[in-house]
There are 2 protein chains.
Amino acid sequence: MELPEGKVKSGALFWCCCSLSWHAEAVDDIDSTAGKSRPLTPRQRARVQTVADIVRLGRQHLATDGAAALSLRAVARDLGVVSSAVYRYVESRDELLTLLLIDAFDELGDEVDAAVGEAPEGDHFGRFAALGRAVRTWALREPACYSLLFGSPVPGYNAPADRTTAPGTRVIVSLIGILESASRAGCLAAAGPSPQLPPTLAGNLAAIRKQFGLAMPEELVARGVLVWSSLFGAVSFEVFNQYGPDTFTAPAELFEHHLSVLAGVAGLPPAVG
Amino acid sequence: MELPEGKVKSGALFWCCCSLSWHAEAVDDIDSTAGKSRPLTPRQRARVQTVADIVRLGRQHLATDGAAALSLRAVARDLGVVSSAVYRYVESRDELLTLLLIDAFDELGDEVDAAVGEAPEGDHFGRFAALGRAVRTWALREPACYSLLFGSPVPGYNAPADRTTAPGTRVIVSLIGILESASRAGCLAAAGPSPQLPPTLAGNLAAIRKQFGLAMPEELVARGVLVWSSLFGAVSFEVFNQYGPDTFTAPAELFEHHLSVLAGVAGLPPAVG
DNA sequence: GAGTTAGCGAGAGCACTGCTCTCTAGAGGC
DNA sequence: GCCTCTAGAGAGCAGTGCTCTCGCTAACTC
């Protein structure tokens, strides 16, 4: 019934302040009091450490068993503790999934930001390609995390939008930033003919432009959205093995080809001079 | 450990004769003897009917609970039978998943073929768009099946390649057929500049061309693969709710836009005159 | 038609899951 | 040094996949 719920619930291109759950609130309180130069008590330190251990072990299990098979009891065993004890730190299995979701989204976001940041400011294609390669590299390294974020929804699990929307939108925000700065530099123009935009879609795209203060035209925003979903489509096909094992023996070459073509779709010039 | 295994194991663009498993073999034997005009025995008829009922109930549960939560016990309850009884008909939960996988692949393939067949032979864009719309329509109607086929792999489950490869490749085979006939009609040409193909990728694409007897150049085959993964990327984003609920209020319009752009990427002229 | 066989369903059981509850020991805070 | 309060243990409930045995009976064989 609630299977087809997505990970990013309210406005993937929107986000607001994170209101944290009860456990996270506790940590948040700790942090805020720590900000007032009061050090953590030993109990608080132990608690933070234990939650971190649980997330770390959870990620290991996620990598080996997958999201749907993630077992709190197994995590408890690895932690050297009885199963009921972990409920002191994590409200439920879903809460642990949420923590892992945020962890993974942030790791992906960090790696994408770092990769994009390494390319020169004016090399728009280079920054776009760096983003794409960072997504692919992370996805291939962490297939279970990638599945959790971009694969089928975990049955019965609904990600809390207020905690996952911000980390979950970092890649598209970064991509839009790259395209927008190319547009402002006069380096963004659709190669082929552009279809006429129907009114509702045009309105949605106008809202996105307004929200981000974009100078690029709506048609190019629409193409950016297509490139975004196409990028993840290509990565998903590779991570989920949809090509079959023998069809492409050098998948990185195929991906580079796709990146070149997609850059053209987005309106980016193929390379810097 | 075995999570990141895909659904289509050996050569997604290849396929061979299906060798069926023990249960399916039994049914196969029935069919072949039936071919010799010997009617099914009452037991055999009952057996075929029961397996069909199990698959039907399994699909219902798949739709409501998702693949990872698919429970043989629940299916048994709905069948009005104790859980151990269904093991007479289905080897394991994984076997049921395989049956559902094949069922879903075939349903998708049938609907795509029917949609493509309705468009005029020479309307290459129309046939391409019909394929895309059929995939999207089916995916939105059967999100759980779509998740099973194109979402994260089910943990611990490995689809048997010999039984799933043929039904699993029907969409890409259809897409390649559309592009090839456009190419033979002289209606296929890449719009933008084409990147140089590195040797390994060129070799893989040459193998695909040879396998299908394609006249279209390798660069256009590569673009076809990109369009294929992009199509499913767009559908996945919509089915898995990656856009957020409020970003695009008319997702069909967005998809139509994507189809137009993707047709250009593949080298198809936007519409028939 | 009698005898045999094979398939079928029931039921118990094992190991596992998420999660709740109660109880106790002892570390932390005063 | 005392008291509180938290962390962990352990039992228990309801569910899962799957295996095994047992008895019934429909179907096949002679």
Side-chain angles (χ1 to χ4, degrees), chain A residues 22-23 26-27 29-30 33 38-54 57-58 61-62 64-100 154-158, chain B residues 22-23 25-27 29-30 33 38-51 53-54 57-58 61-62 64-100 154-158:
Chain A
W22 64 282
H23 278 105
V27 175
D29 285 348
I30 292 167
T33 55
R38 181 140 63 88
L40 294 179
T41 66
R43 270 197 173 149
Q44 286 171 325
R45 256 187 292 117
R47 181 173 190 87
V48 168
Q49 182 59 48
T50 305
V51 172
D53 285 347
I54 289 174
L57 290 170
H61 281 94
L62 186 66
T64 53
D65 306 317
L70 179 66
S71 155
L72 262 183
R73 284 183 120 107
V75 170
R77 271 196 299 274
D78 282 12
L79 203 65
V81 123
V82 97
S83 75
S84 59
V86 298
Y87 286 87
R88 299 275 178 205
Y89 303 94
V90 171
E91 193 180 20
S92 67
R93 181 176 164 279
D94 285 3
E95 167 78 12
L96 177 57
L97 269 181
T98 301
L99 292 177
L100 293 171
V154 180
Y157 170 68
N158 282 315
Chain B
W22 65 283
H23 278 104
E25 268 165 19
V27 174
D29 285 348
I30 291 167
T33 54
R38 182 141 61 89
L40 293 180
T41 67
R43 270 202 172 147
Q44 286 172 325
R45 257 187 292 114
R47 180 171 190 86
V48 168
Q49 183 57 50
T50 306
V51 172
D53 285 348
I54 289 174
L57 291 170
H61 281 95
L62 186 66
T64 53
D65 306 319
L70 180 65
S71 155
L72 262 183
R73 285 185 119 106
V75 170
R77 269 195 301 274
D78 282 12
L79 204 65
V81 123
V82 99
S83 76
S84 60
V86 298
Y87 286 88
R88 299 274 179 206
Y89 303 95
V90 172
E91 193 181 22
S92 65
R93 182 177 163 277
D94 285 3
E95 166 79 11
L96 178 56
L97 271 182
T98 301
L99 293 178
L100 293 172
V154 180
Y157 171 68
N158 282 317

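Within every chain, numbering begins at 1; the chains are lettered A, B, ... in the order of the sequence lines, protein sequences first and strands thereafter. Computation of the quantities below employed the complete heavy-atom set of this structure, encompassing side-chain atoms and omitting hydrogens, waters and symmetry-equivalent molecules.
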Contact class for A:Arg93 (heavy atom, under 4.0 Å): base, sugar-phosphate, or nothing? sugar-phosphate

Check the distance between C:dG29's C1' and A:Arg45's CZ and give it to me in whole angstrom. 14 Å

Side-chain N or O of A:Tyr89 less than 4.0 angstrom from OP1 or OP2 on D:dT6? no

Check the distance between C:dT17's C1' and A:Leu96's CG and give it to me in whole angstrom. 14 Å

When rounded to whole Å, the CZ to P distance for the pair A:Arg88 and D:dC5 reads 14 Å

Test item: B:Gln49 and B:Asp53 side chains (from C-beta on) under 4.5 Å apart, heavy atoms: yes

Atom pair CZ/CG of A:Arg73 and A:Leu79 - distance to nearest 0.5 Å: 15.0 Å

Taking atom OH of B:Tyr89 and atom CD1 of B:Ile54, what is their separation to the nearest 0.5 Å? 7.0 Å

Does any part of the side chain of A:Arg88, heavy atoms only, come nearer than 4.5 Å to the side chain of A:Thr50, both counted from C-beta? no

Could you check whether the side chain of B:Ser84 and the base of C:dG9 have a donor-acceptor pair of N or O atoms closer than 3.5 Å, going by distance alone? no

Mind checking if B:Val81 touches a base, just sugar-phosphate, or nothing, with heavy atoms under 4.0 Å? sugar-phosphate

Distance from A:Asp94 atom CG to A:Leu99 atom CG, nearest 0.5 Å? 11.0 Å

Mind checking if A:Arg77 touches a base, just sugar-phosphate, or nothing, with heavy atoms under 4.0 Å? sugar-phosphate

Interatomic distance where CG belongs to B:Asp78 and C1' belongs to D:dT16 [whole Å]: 16 Å

Taking any heavy-atom pair under 4.0 Å as a contact, classify A:Leu70: base, sugar-phosphate, or nothing. sugar-phosphate

For C:dG7, does the base pair up with any side-chain atom of B:Arg47 as donor and acceptor (N or O, under 3.5 Å, distance only)? no

May I have the distance from B:Arg73 (atom CZ) to D:dG15 (atom P), rounded to whole angstrom? 10 Å

So, is A:Ser71 close to the C:dT17 phosphate, meaning a side-chain N or O under 4.0 Å from OP1 or OP2? yes

Does the side chain of A:Tyr87 get closer than 4.0 angstrom to OP1 or OP2 of D:dG8 through an N or O atom? no

Give the rounded distance in Å between these two atoms: CD1 of A:Ile54 and P of D:dG8. 9 Å

Given C:dG11, D:dG17, C:dG18, which nucleotide is nearest the side-chain atoms of B:Leu72? D:dG17

Whole angstrom is fine here: how far is it from CD in A:Gln44 over to P in D:dA7? 11 Å

What's A:Thr50 touching, base or sugar-phosphate or nothing? Going by heavy atoms closer than 4.0 Å. nothing

Starting from P on D:dG8, measure out to CG on A:Asp53 and report it in whole angstrom. 11 Å

